[in-house]
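Okay, structure first, notes after.
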Number of protein chains: 2
Amino acid sequence: MYEDLKYWYLRDHKLFRTLSYSQIKQLCIITGFKKASKGEIIYFSSSDVPRIFLLKKGNIKIVSIDDDGNETIKDIIQKGDLFGELTLETDNKVEEYAKVLSDDVAICSFLMSDFEDLLLRNPTLALSYTKFVGLKMKRIKNSYSNLISKDAKTRLYQFLKDWAESEGAVNGNSVTIENYLTQNDIAQIICTSRQTATQLLNEMEANQLLSYNRKEIIIQDITKL
Amino acid sequence: MYEDLKYWYLRDHKLFRTLSYSQIKQLCIITGFKKASKGEIIYFSSSDVPRIFLLKKGNIKIVSIDDDGNETIKDIIQKGDLFGELTLETDNKVEEYAKVLSDDVAICSFLMSDFEDLLLRNPTLALSYTKFVGLKMKRIKNSYSNLISKDAKTRLYQFLKDWAESEGAVNGNSVTIENYLTQNDIAQIICTSRQTATQLLNEMEANQLLSYNRKEIIIQDITKL
DNA sequence: AGCAAAATGTCGGCTAATTTACACTTCGCT
DNA sequence: AGCGAAGTGTAAATTAGCCGACATTTTGCT
């Protein structure tokens, strides 16, 4: 990969924005680049050397298999997000992999050990990274407490609001979301059965809160959710 | 407070164990010390300057109030744990406070800004701290996914196992836990109603899995849980 | 175009667990 | 010692949402 390309990729993430061109260039830590298409599975825990990944394009879901063999969606990663062993500790206990949701994705990665060295040499970056991990933790806490204390309907509403906020195209009070999730995915994210999710979505459509199809979701009036 | 005392307090947490005596002494970041007794409430978010706290003695619970005014237990902090704005970002959105569970507690604290400076000057510490926050995140993720996918009984069993492991006095296969929680607390932690928790605990007692009273819980055979 | 697989829609029975309601016990305090 | 508050025990009614079962629609593939 060309030096300039590396620079551009890293520079694009807000975490690295504070580093100068020469700093990034000097570090040269990007060691992998990968393209993949819809439905493909990318293993990243265990396997070879521990890495941190940056999703450059598209969407993926992080899925884990529990003891009973059920799939659970752990996270949805969007363009620009980091994923992988963000805690800088490898654990082989959890069996996780990523599955491509959008038509195609571009992923770049670097070695965890290289990243650690970088953090050691750039205390400011280390501090930013700590805050970044902390923010991620806060988000998780927040979404989980929703899962626990609210009913399925409220959870779906909250999920749609969050999704609309992070990715929706706003047009007045109406928001259009590119829908790369199946109803089953949505059900898993809000921790309910597929049937319940279907029922709730149809109910919302009947109440003219949104219009749903496999390509996009249009929320008529985001303020009414 | 005497310099030596400060040193001792910090030194006691594994995070600071790598720092030399002179380093800690030089930094002198402990700026607060506090004792409190059972039932007392300690506010730590919002209010004055942001701080990080270290619980030296006793047990506290972190409680938050949601929109509807219900109390939720966010975390149980044990002797030696850090708490407060561990993410190094203050947010005033969440209304959280700590409540003392044990007879009395000792808490020391330092300013978040001082701690940030310290991290900037000690990259190794910064890295350790990041991993520490990451570990905390992993624990939270794990306990939440238990909450979501398992039924109340399994959750209670898991909670008791965890509690026994972190604090229990082992004696062969039997483990004795000092019980500073009410059944209501336990119910909140495992996210069920007080009645269900009571019922399950009595059921376990009837099945001779444990003996419960307000002072202690004795698990007859930890391997059978 | 045609077929299999994946995704969506719909229905009732079933069950864990919440809710409501109340009695009893223990604790902390003056 | 005695009282109120907090904690614990128990039971019945109610319900959200899971599960199984199936029909229909849409997609991707050759």
Side-chain angles (χ1 to χ4, degrees), chain A residues 37-41 61 63 66 68-73 99-104 146-159 179-207 210-217, chain B residues 37-41 61 63 66 68 70-73 99-104 146-157 159 179-207 210-217:
Chain A
S37 51
K38 196 165 188 167
E40 236 177 285
I41 287 173
K61 60 178 176 182
V63 180
D66 74 355
D68 311 337
N70 319 44
E71 273 200 352
T72 330
I73 295 187
K99 192 165 184 182
V100 179
L101 293 172
S102 48
D103 285 340
D104 57 337
N146 265 336
L147 285 181
I148 288 161
S149 60
K150 316 283 194 225
D151 64 1
K153 190 175 195 163
T154 315
R155 263 143 47 199
L156 177 59
Y157 279 46
Q158 188 59 51
F159 165 70
N179 180 21
Y180 48 83
L181 297 174
T182 66
Q183 294 188 354
N184 197 22
D185 286 335
I186 295 175
Q188 280 187 55
I189 293 168
I190 64 170
C191 284
T192 186
S193 66
R194 200 219 85 225
Q195 290 92 324
T196 305
T198 301
Q199 199 177 302
L200 287 171
L201 282 169
N202 289 337
E203 189 187 305
M204 290 177 81
E205 192 146 31
N207 293 338
L210 53 74
S211 72
Y212 180 97
N213 68 53
R214 294 182 193 204
K215 293 280 175 209
E216 60 181 15
I217 299 173
Chain B
S37 51
K38 195 165 188 167
E40 236 178 285
I41 287 173
K61 59 177 177 184
V63 180
D66 73 356
D68 311 336
N70 321 42
E71 274 199 352
T72 330
I73 295 187
K99 192 165 184 182
V100 179
L101 293 172
S102 47
D103 285 339
D104 57 339
N146 265 336
L147 284 180
I148 288 162
S149 60
K150 317 281 193 222
D151 66 1
K153 191 175 196 163
T154 315
R155 262 141 49 197
L156 177 59
Y157 278 46
F159 166 71
N179 181 20
Y180 48 83
L181 298 173
T182 66
Q183 294 189 354
N184 197 23
D185 286 334
I186 294 174
Q188 280 188 53
I189 293 168
I190 64 171
C191 284
T192 187
S193 64
R194 199 219 85 226
Q195 290 89 326
T196 305
T198 301
Q199 200 176 303
L200 288 171
L201 282 169
N202 289 337
E203 189 187 304
M204 291 177 81
E205 192 146 30
N207 293 339
L210 53 74
S211 71
Y212 179 96
N213 66 54
R214 295 184 193 201
K215 294 280 176 208
E216 59 181 19
I217 299 174

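Numbers restart at 1 for each chain; the letters A, B, ... are given by sequence-line order, proteins then strands.
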- Note on the structure: Protein-proximity profile, nucleotides 2-17 of chain C, B/S/- by nucleotide at the 4.0 Å heavy-atom cutoff, equals -----BBBB------S
- For residues B:Leu147 and B:Cys191, report the shortest heavy-atom separation together with the two atoms involved.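 Minimum heavy-atom separation between B:Leu147 and B:Cys191: CD1-SG, 3.9 Å.
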- Item | Under 3.5 Å: donor-acceptor pair, side chain of A:Glu40, backbone of A:Ser37 |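 Answer holds: yes.
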- Message: Can you list everything that forms a salt bridge (Lys or Arg N to Asp or Glu O under 4.0 Å) with A:Asp103? Sequence neighbours excluded, please.
- Response: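 Salt bridge (Lys or Arg N to Asp or Glu O under 4.0 Å) list for A:Asp103, sorted by chain: empty.
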- Five-pair end axes of the helix from C:dA1-D:dT30 to C:dT30-D:dA1, angle between them (10°):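 End-to-end axis angle: 60°.
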Review item, side-chain donor-acceptor pairs of residues 197-205 of chain A, under 3.5 Å, at least two apart:
{"from": "A:Thr198", "atom 1": "OG1", "to": "A:Gln183", "atom 2": "OE1", "distance (Å)": "2.8"}
{"from": "A:Thr198", "atom 1": "OG1", "to": "A:Arg194", "atom 2": "O", "distance (Å)": "3.0"}
{"from": "A:Asn202", "atom 1": "ND2", "to": "A:Thr198", "atom 2": "O", "distance (Å)": "3.4"}
{"from": "A:Glu203", "atom 1": "OE2", "to": "A:Lys153", "atom 2": "NZ", "distance (Å)": "2.9"}
{"from": "A:Glu205", "atom 1": "OE2", "to": "A:Tyr212", "atom 2": "N", "distance (Å)": "3.0"}

- Taking only residues two or more places apart in sequence or in another chain, which ones pass side-chain hydrogen bond (donor to acceptor under 3.5 Å, both in side chains) with A:Lys38?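 Applying side-chain hydrogen bond (donor to acceptor under 3.5 Å, both in side chains) to A:Lys38 gives none.
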- Message: Would you compute the distance between atom CD1 of B:Ile217 and atom CG of B:Leu181 and round it to the nearest 0.5 angstrom?
- Response: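 Reported value, rounded in 0.5 Å steps: 7.5 Å.
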- Message: If the condition is ring pair (Phe, Tyr, Trp, His ring centres under 6.0 Å), which residues does A:Tyr157 pass it with, not counting sequence neighbours?
- Response: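 So A:Tyr157 forms no ring pair (Phe, Tyr, Trp, His ring centres under 6.0 Å) with any residue.
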